[in-house]
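A note on names: the letters A, B, ... follow the listed sequences, proteins ahead of strands, and every chain is numbered from 1. All figures in this text were calculated on a predicted structure; none of them were measured in a lab.
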Amino acid sequence: MTTRLLPWAVVVLAALVYPAAVLTGGSPRFPSRTDCVHPATAGRNIEAVFGRFDRGVDAEARLRRVLGVGFKGSRIEADGCGRLKVDVPGVPSVAVGQQLMAEAAKVGIHATLEEATP
Amino acid sequence: MLALNVWLLAVGTAFLFALRGWRSWGEAARLAGLAYMLGVASTGVVLVWALVVGIPFSVATILGAGLLVAVLALIAAYRLGRRPPPRTRLRLPRLSLFAAVSAALVAVYLEALFRSGRLAALTEFDGWFFWVPKAKAIFYFGDLDNQFFRELPHHGYPPLVPTVEAAAFRFMGSADVVTLHLQFWFLFVGFVAALVGLLAPRVSPLFLWPPLLLVLVTPRVTGYALQAQADFLLEELIAVAALVIGLWLFERRDWQLVAAGVLLAAAMLAKREGSLFGACVLLAAIGATWRQARTAWPRLAIVGVGAAAATAPWWILLHVRHLSAEGPEAGGTGLFSHADLAWPSLRLTVSTLFDYRQWLVVVPVALLAIALAFLAGARRLPGYAALLYVFGAAALTYTTWAFPSIPITKDPINPIIRLTGWLVLVMPAVVPLVLRDAWQAIDAKDET
């Protein structure tokens, strides 16, 4: 019985040792949607983001609203993590971006400054 | 995705039960890899037919297609008098230490392959250029959208692989092109399990495991086996079909031909070259059975005709939509107008098959095994394997020769490296049988 089990034990042990050895370095990290959000830093391409949406109709509704209150050049883009974001590209600096965020807040729109990624 | 693959295994298990039944549950477990490949092939073919006739593609369609195959198989099994094996205590088969160490290496290899595939990006050109867009179209539109497929590159390529990819998207719940690579991991594991399950009781572990391990560690397999495109699935289907037909050459079980027919049908619906490589397998079997032509050839012809007939709905759809089947630029007599390309095409084929940086020494080892088997006095299996490689090399030469617009190069613009993979994956399927044949021939000589 032992001689029959021993080779099978070798197979099972090897199959368990590899994932165990990998897991000793920490559990695997899987990307999440937050990986597509990069906070703005000075000297990089900056954009103001007016929200992220799972559905196109929601993104279009937000776009209509931000265009309606005067944020010209706003557009809808895929964010690379399966969602649509409404943003204004080409914000020249963090300071200008903060003014833009303050103006948006006055009309009840939440905006964030992010680094624009290709 | 796990649920989808368990479903494909269940469908294939019902199919295999109808084909041959089992003597024990241990035997059923051993043949799970073959069952899975048959599940992929049969469900994939039915799903392609469903798309062709315009049945909306959904989870219900995927389950329904599998259910159709499984129910028909179970009805056939009942009529054929198949009975489930008796419930006995499951006994582990005896495993040599060599086989155990080899199996452990394969298990760790597949785990590592899973790890690399889990976060693989969709960078392969043909993958993002048209294979995955086709799958996304099936996923989003629920059919073979006329306009989209007309405007997409290579609309004439058969759609089994995008259909399997779209099924994976459906079960994932989104068109996740990263996780999609794991579907190809399941297919690859199924392929390896099918080879091991079929060969383990028939050949010595010394003949089974080294060829398999050699193929697994080739740079091309380690780097590209999980690509989200059609090449590896095509080659896996063809290799398992070649193995089942190789078994038929000396066991003559009808179920083996039916299984080969289903696998070849799926291969022909996976890529245009599936018909060419499938024909090579059948022609090699025809060559190996020339002494039994009266009994063997009609059966092999039925396998070929049956497999080709399964692809007819797709070609009819192309015809109805007035789309080109994208055949060879210089097929038929066109080859003679480009006779100057014959020799460079053959040279490219041979140099790719022997390219150490792609395939290590897989093909030289196969040819050496065949030569040794002939020297030992074996004939049928070495003859079959030799014809496979001869016809295979001719077919690969044709794939370059018949497309004069494609440069004769190993650069990715010419698919020769990807296509040569079928003669590489065939190696661990056929060479163990060749070596066993050689060993038996030597034994027979010793006895006389």
**Request:** Any pair with a residue in residues 181-207 of chain B that passes salt bridge (Lys or Arg N to Asp or Glu O under 4.0 Å), sequence neighbours left out, goes on the list, sorted by first then second residue, please.
**Result:** B:Arg202-B:Glu251
Counting only heavy atoms closer than 4.5 Å, note whether [X] contacts chain A via side chain, backbone, both or neither.
{"X": "B:Leu95", "value": "both"}
{"X": "B:Ala99", "value": "neither"}
{"X": "B:Ala100", "value": "both"}

**Reported OH-to-CZ distance for the pair A:Tyr18 and B:Phe114, which is rounded to 0.5 angstrom** = 11.0 Å
**Message:** So, taking the atom named CZ in B:Arg94 and the one named CG in A:Leu5, what distance separates them when rounded to the nearest 0.5 Å?
**Reply:** 10.5 Å
**Fill in**
Among residues 162-201 of chain B, those lying within the under-4.5 Å heavy-atom range of chain A are none
**Item:** A:Val22 versus chain B, the contacting section by heavy-atom distance below 4.5 Å
**Value:** side chain
If you count the non-hydrogen atoms of other residues, nucleotides and ligands that lie under 6.0 Å from [atom1] in [X], is the total more than 12?
{"X": "B:Trp439", "atom1": "CH2", "result": "no"}
{"X": "B:Phe130", "atom1": "CZ", "result": "yes"}
{"X": "B:Arg150", "atom1": "CZ", "result": "yes"}

**Message:** Quick check on the interface: out of B:Leu105, B:Val108, B:Val106, who has the most heavy-atom pairs with chain A under 4.5 Å?
**Reply:** B:Val108
**Message:** Just so I know, are the side chains of B:Pro93 and A:Trp8 near enough to count as touching, which here means a heavy-atom distance under 4.5 Å?
**Reply:** yes
